[in-house]
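Have a look at the structure below before the remarks.
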Amino acid sequence: MNQLPPAYDPDAVEGPVFQRWTEGRLFEQKTEGESPFTVVIPPPNVTGSLHMGHALNNTIQDVVIRRSRMTGTPTRWVIGTDHAGIATQNKVEQRLAAQGLSRYDVGREKFIELCWEWRDEHGSIIIDQLKRMGCSCDYSDEHFTMDEGYQRAVRKVFVDWFEKGLVYRGKRIINWCPRCSTALSDIEVEHEELDGHLWHLRYPLKEPVGGRDHVVVATTRPETMLGDTCVAVHPDDERYRDLVGATVVLPLLGREIPIVADEYVDPSFGTGAVKVTPAHDPNDFEIGERHGLDKINILTAEATITAEGGPYEGLDRREARTRVVADLEAAGLLVGVDDHVHSVGHCYRCHTVIEPWLSDQWFVDMKPLAAPGIECVRDVRVTFHPKRWENVYYHWMEGIRDWCISRQLWWGHRIPVFYCDECGWQGASMEDVEVCPKCGASVRQDEDVLDTWFSSQLWPFATLGWPDQTPELDFFYPTTVLSTARDILFLWVARMIMSGLYFIGDVPYQDVIIHPTVFNAEGRRMSKSLGTGVDPLDLMAHYGADGMRFGLMLQVTGNQDIKFSEDKLASSRHFANKIWNASRFVLMNVGEDYEQGEPSAETVADAWILSRLADLAAHVDKGLITYEFGETARALYDFFWNEFCDWYIELAKPRLAAGGAARKAVLDNLVFVLDSAVRLLHPMMPFLTEEIWGRLPLSDAERAEALMVAAWPDPAALGRFRNEDAERSVGLLRELVSSVRAVRARYSVSPKVPLEVSVKAPEAEGAVLLSMSDDICTLAGIGRFEVGTDTARPAHASVVVAAGSEIYVSLEGVVDLAAERARVTTELGRAQADLDRLTRKLANEGFLAKAAAEIIEKDRMRARDLATTVSKLTGQLADLTE
RNA sequence: GGGCGAUUAACUCAGCGGGAGAGUGCCUCCCUUACAAGGAGGAAGUCGGGGGUUCAAAUCCCUCAUCGCCCACCA
């Protein structure tokens, strides 16, 4: 016998169900068939552990993947992790620091070995957490961005772009993180508005000009004056015209620097005179280039002052600022300090303030790559969901700047460029180079590694075997949909599109889902370090994996970020339990000898639930195809709870009790509807549904190895069950039953006391109600039920106008006439107001002339109904007054 | 400086041109033999302010306010 425990226990179900999926090898890729559906997971960092963003994003991916798999499409979800250069290196350095060591103490080779050890120890943590969520990735084929094959792919990309001249080396101002000790690309810098100061500094002239002996400059970073090589003014600025060409003596250091004229200077900002530090500001660098100035580097890699800073050498940048300002003030050269809000760049990995720093780095020339990347979205080969993200994408792509790809780290893909110091040869190569091909001297390899995102951009095709032309690449590329957080739209999504187009000649995916960001209840970013986060593992412990998944899906909308609400998870857990118990009810009624038969519309209730099921299947199918997860979750919730459980199961009970053919027919329908609905729910609640489905007494035709690979309900085929008459009839039934229940509640009549109800209804409605009178009596607890076209109002009755009828509930000795009068008066007022508004609308010629015919017709019907209601209520009020 | 999103019931949010919805919370009643993680009933909103378009606006347009986010070489 199929006996379920009375409450759903996720802990008892999830483990065994996942094990069944694994043992059945149901996650593994299938390469038979056509038009495969492929998703590549945004590879989590090996250093990572599951956070709410992962929980949301991976639920979304699993939902679309599971639906696809059930439709019989060859479906594959590619899994793997990212080596995460900076993050992993930081972890390993921390580990070394605990032993009082730095990476330089152990050396490059040993350090990389330690990184691999870290990966071996921690890399599976996040994968196990995805399994805990029920994600149906192809775990048999896990990838890593430092795998041997992947390394070959990265090298191939670099060498190819190097040879095409798209990769080049240059001395530029880059973003330097002094803590990570590496360059960063522009989009790895997070800008933050901070309250700072604008210091006004007096720079003395070497010789007075026109009676003036100084010029005042303004700066937000006074310590950089140590690297100043000129002062710039606008060429048209009358105030400074005489000073152009004069010489300034740089305070504190005594260096003589010129005053130059440059268009860049905005005369309206500050004093109109700018101190220029070409080695520490991108704009100043440009000015320096134009005027042939020296570029004096005053900062070391650790952001301490270099020997160029004279007496300030060795000071940290903060101390240097304090000392420089103090010394200038002592010398009477500090004119003033204003408060000034400006945005300061921080490292996206460690939040240290970055320094613009002049150094030799490798760059990718992005403009030629961006053009096709823009084109493929314009011609809808790639579509963003929600669509508005396309504008954000275009904006960035159109203004794209070159990408600094070299990192001064050890953990990562080492740049495959070799230099000969003897003859100056340099080259990039797929194979390591030992000796110079020109002069035969030994060569050295570039010390730097590539930006982690340089390898991540290859994820959709490097995981499929590229640069080899593998069958997998041929079959699964391009992938179908990429789901991701918006903060890596530029870092990752855009670059995958560009590299995919360049190397494979096709877009990497057709659809891009940019999912909402999960914030905490206060609307703040969830963050472990701030203690504002919620741990998905805790949530799963409380609500089950399905409860968490469904609760998240309920919160997904197309245009709003998620202020995470644990309430939704609680109601999802209740929902899971509700489904569990509905299933338990059905299974309790199914005997050993039950054999599944065809569903059939034996009664109005059957026709109704089958019609509702058809509607649900259409909604869910469309909702998942168009990535409307919140709406889809709500449709499932409403169907299961408010239609199947609240009404259909209740309507089924008397027939189950009746036995015989009636019982068999309703059982067939219960099993069919539950089966179909559970299939539709499976993508969002995989564990619960798998467990229930496995226990359903299905015919061989409906059976499958597991629900996970069972057939997705076909909305077109279910369309045969659509039945508007049945939906209207059950609508009347529900209205009548609810009205009677309301009367019962109003007078606190125990549910055990049967009521006497008579209904005065028009012919048509009356016939429908009569045909369902058994159901009505059961659901409303009615002992005697009469329907007629001219039923008289009994004495001592409470009267309700509903379902187009007057419903009299006899309540001898209980009815409070004054209360009834008050209630009827209120209802009458409301109905009259609605009727007045409608009447005015229907008298409006503009409305009659311009509104759609069906709208007018609908309003006319409503007006008729309201007029009936008003006259009935008026009659009742008269009765009650007598 | 530019752009995007939000503002609907106490809370979290759907709805996005024709009758104001859900979940949670709250109030009343009920342990009815699937489920008290439940059932039945109920209270609760001039849909941010102001203009406009339209026969009709929570829904479209403009504007203001507030909150949030993104982009921008903002000495």
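Keep in mind the model is a prediction, meaning the values are calculated, not measured. We name chains A, B, ... by the order of the sequence lines, and we start the count at 1 in each one.
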Euclidean distance, atom [atom1] of residue [X] to atom [atom2] of [N] [Å, nearest integer]:
| X | N | atom1 | atom2 | answer |
| --- | --- | --- | --- | --- |
| A:L656 | B:U32 | CG | P | 20 Å |
| A:Y747 | B:U28 | OH | P | 20 Å |
| A:R634 | B:A22 | CZ | P | 12 Å |

Establish, for the pair A:K295 and A:F285, whether the NZ or CZ atom is under 6.0 angstrom from the six-membered ring centre and no further than 45 degrees off its axis.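 Judged by the rule, A:K295 and A:F285 form a cation-pi pair.
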For RNA chain B, which residues of residues 571-581 of chain A approach it to below 4.0 angstrom with any heavy atom?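 Listed by number, they are A:S571, A:R573, A:H574, A:N577, A:K578, A:N581.
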Within residues 219-227 of chain A, residues whose heavy atoms come under 4.0 Å of RNA chain B: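 Those residues are A:T219, A:T220.
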Between the base of [N] and the side chain of [X], is there a donor-acceptor distance below 3.5 Å?
| X | N | value |
| --- | --- | --- |
| A:K568 | B:U12 | yes |
| A:T557 | B:C13 | no |
| A:E650 | B:A34 | yes |
| A:R741 | B:G41 | no |

Give me the stems containing RNA chain B, sorted by first residue, counting only three or more consecutive Watson-Crick or G-U pairs with both distances under 3.5 Å; say none if there aren't any.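 For RNA chain B the paired stretches long enough to count as stems (3 pairs minimum) are B:1-7 with B:65-71, B:10-13 with B:21-24, B:26-30 with B:38-42, B:48-52 with B:60-64.
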Hey, could you give me the CG/CE distance between A:N520 and A:M52, rounded to the nearest 0.5 Å?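 The distance works out to 11.0 Å.
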